[in-house]
2 protein chains.
Amino acid sequence: MIILNKQQILDRFDADAVTLLLKQGFIAFSQKQVQMPPVQHLLFAQANGDCCIKSGYLQGDDQFVVKISGGFYDNPAQGLASNQGLMMAFSAQTGEPQAILLDEGWLTALRTALAGRIVAELCAPQHIGAIGIVGTGMQARLHLMYLKSVISCRQLWVWGRSETALEEYRQYAQEEGFEVNITQNAAELAAHCQFIVTTTPSREAILHATDIQPGTHITAVGADGAGKHELAPELVAKADKILVDSWAQCTEFGEISPAFQQQLLAHLTLTEIGTVLAQNAFFRDNDQQITLADLTGLGVQDVQIVKGILGG
Amino acid sequence: MIILNKQQILDRFDADAVTLLLKQGFIAFSQKQVQMPPVQHLLFAQANGDCCIKSGYLQGDDQFVVKISGGFYDNPAQGLASNQGLMMAFSAQTGEPQAILLDEGWLTALRTALAGRIVAELCAPQHIGAIGIVGTGMQARLHLMYLKSVISCRQLWVWGRSETALEEYRQYAQEEGFEVNITQNAAELAAHCQFIVTTTPSREAILHATDIQPGTHITAVGADGAGKHELAPELVAKADKILVDSWAQCTEFGEISPAFQQQLLAHLTLTEIGTVLAQNAFFRDNDQQITLADLTGLGVQDVQIVKGILGG
């Protein structure tokens, strides 16, 4: 059994190779070739923390993967990262533990950002006057970094609640080669941007239906559990096409779930990323559509990024 | 983070200390002080294997525990153990991984056998002419070893399907100080024994209603998943009192679940071990009753045995 620490994991990480594996994983998932039991959740109210446990197996693989992923939101005050956890690989032939990846949450952040890059390939309009990033945290940074290779636009708007965090993000994005505008008014961001990514753990809508122009794409990453939402249900219902990582997860607890449960999406088909990838097609039909992608995160993404790190 | 291998774990294992922790765990579970999400199951048909993932947290503890526990039934042909897996402890304050216990399934086997010892303290009749063990595997051995300190009888009957396995078990039990009778006829075992433990992964009944005499106790350990059963439903329904580790698990997939689902147990109360322990009472009222205990295994047992090993 091998044990890798964060630096050893990052040294082995190849974004392009993992992106290909993630595409294969999305396709396999949509073709029902993946075992992915329901997520386990634990709550630690006294520590302002929670933990989720995911596992997955892609039929025919040599290994299966278990992920323990914690969020402990008082950690930063002690100088620790909020995201904690690890991933493990086990032999699917003998059950023996093969590898423990002490990634401190990085692999989850990376596979999420790379899923966003895949979405951009499928959904980005041809005309993008500016990219809009809602949120200033780790996912907001990684997402932008990986968008650069599929979107040539270098005009950026960033929304955040904290001026300090906005200034820090501006610094980061400038070093990545962007011309950066910061704002605390999400409608202002939406008025300028045709490709928007929402990355916050917000529990109330940040963007509303009237904010969004025709020809805009929105990737919603923040909603990964019940109660987390960044988009008003009426905005979701205004989309011309909706892409989901998992029909089941997105309608249950994803960004689109309130709109779905209020039956505002009856006129739309919810299409899985894996279905579009299997057809080798673009999702967007023209530059007037509003497209929306809802990413809740799949166990098969963990399976595939571990495969990419281990070279399995 | 510390990593312990099997030998280091066994060196730290103290059966009496862990038994006390298990009793506290059963009580906490029955008092609803334990978070125990539904078990995750993965199947590996091509390898004749399966894996279950359990997690648990006892409110107020400093740590929570995740267990990955595999059964790969073709492993012995390759010289590997069928039981594979590990347990992990994480801080309930920060989410940081604290310990990985590479126990190869031993901690599960040990905490199950010690639960059997706790059941014996609560249920064993005063008169035991012989102990009966159904099965010849690891659990059949560990269970017997730990019964010795609570049951003084040293007459033993063992049932198995394989003569070779029976002879090997006889050797083992003789070294433990027992006078051993072996049989391939379970009714013969039941005719001689007042304390019976069933430990097989059988999917068909081994013991039937007419086999069991008044004044007998049966501990059923083998049924830990849907479809596994060692006792005929009519035998279960013949019990005067039934003890369960978890009402929810036992009625869903335990040994008693077919009888329960066929509504054969309507005249009985199913009592949790933790409830009896909290009352500091015996479960058996007299030496004429038939008592039955159904052990499906609880995540809190994993939490408590890890605590015992780590000294937390």
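Letters A, B, ... mirror the listed sequences (proteins, then strands); counts begin at 1. Quantities reported herein were computed from a predicted structural model and do not represent experimental measurements. For the numbers below, each heavy atom of this structure counts, side chains included, while hydrogens, waters and symmetry mates do not.
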Visitor: Counting only heavy atoms closer than 4.5 Å, note whether S69(B) contacts chain A via side chain, backbone, both or neither.
Guide: neither

Visitor: Verify the neighbour count for atom CD of Q46(A): are there more than 12 heavy atoms of other residues, nucleotides or ligands below 6.0 Å?
Guide: yes

Visitor: Go through V66(A), D50(A), N48(A) and name the one with the most non-hydrogen pairs under 4.5 angstrom from chain B.
Guide: V66(A)

Visitor: Check whether Q59(A) gets within reach of chain B through its side chain, its backbone, both or neither, counting any heavy atom under 4.5 Å.
Guide: neither

Visitor: Mark yes or no for whether Q40(B), through its side chain, and I53(A), through its backbone, hold a donor-acceptor pair below 3.5 Å.
Guide: yes

Visitor: Any donor-acceptor pair under 3.5 Å linking the side chain of E104(A) with the backbone of E96(B)?
Guide: no

Visitor: At a 4.5 Å cut-off on heavy atoms, which part of S82(A) comes close to chain B: side chain, backbone, both, or neither?
Guide: neither

Visitor: So, do Q84(B) and P97(A) sit near enough that their side-chain heavy atoms are less than 4.5 Å apart?
Guide: yes

Visitor: How long is the gap from CZ on F64(A) to CG on L42(B), to the nearest 0.5 Å?
Guide: 6.5 Å

Visitor: Identify which part of F90(A) has an atom lying under 4.5 Å from any heavy atom of chain B, answering side chain, backbone, both or neither.
Guide: side chain

Visitor: Measure across A47(A) and A92(B) and return the closest heavy-atom pair with its distance rounded to 0.1 Å.
Guide: CB-O, 3.4 Å

Visitor: Mark yes or no for whether Q93(A), through its side chain, and N75(B), through its backbone, hold a donor-acceptor pair below 3.5 Å.
Guide: no

Visitor: Going by heavy atoms in the side chains, are I100(B) and M88(A) under 4.5 Å from each other?
Guide: no

Visitor: Between L80(B), L86(B), I68(B), who has the most heavy-atom pairs with chain A when the cutoff is under 4.5 Å?
Guide: I68(B)

Visitor: Contact between M1(A) and L102(B) at the side-chain level, heavy atoms closer than 4.5 Å - yes or no?
Guide: yes

Visitor: Answer yes or no: is there a donor N or O on one side and an acceptor on the other, between the side chain of Q35(B) and the main chain of L43(A), under 3.5 Å?
Guide: yes

Visitor: To the nearest 0.5 Å, how far apart are OG1 in T94(A) and CG in D74(B)?
Guide: 11.0 Å

Visitor: Taking atom CD of Q78(B) as the centre, does the number of heavy atoms from other residues, nucleotides or ligands within less than 6.0 Å exceed 12?
Guide: yes

Visitor: Taking atom CG of D14(B) as the centre, report whether more than 12 heavy atoms of other residues, nucleotides or ligands fall under 6.0 Å from it.
Guide: yes

Visitor: Measuring from F72(B):CZ to S91(A):OG, what's the distance to the nearest 0.5 Å?
Guide: 6.5 Å

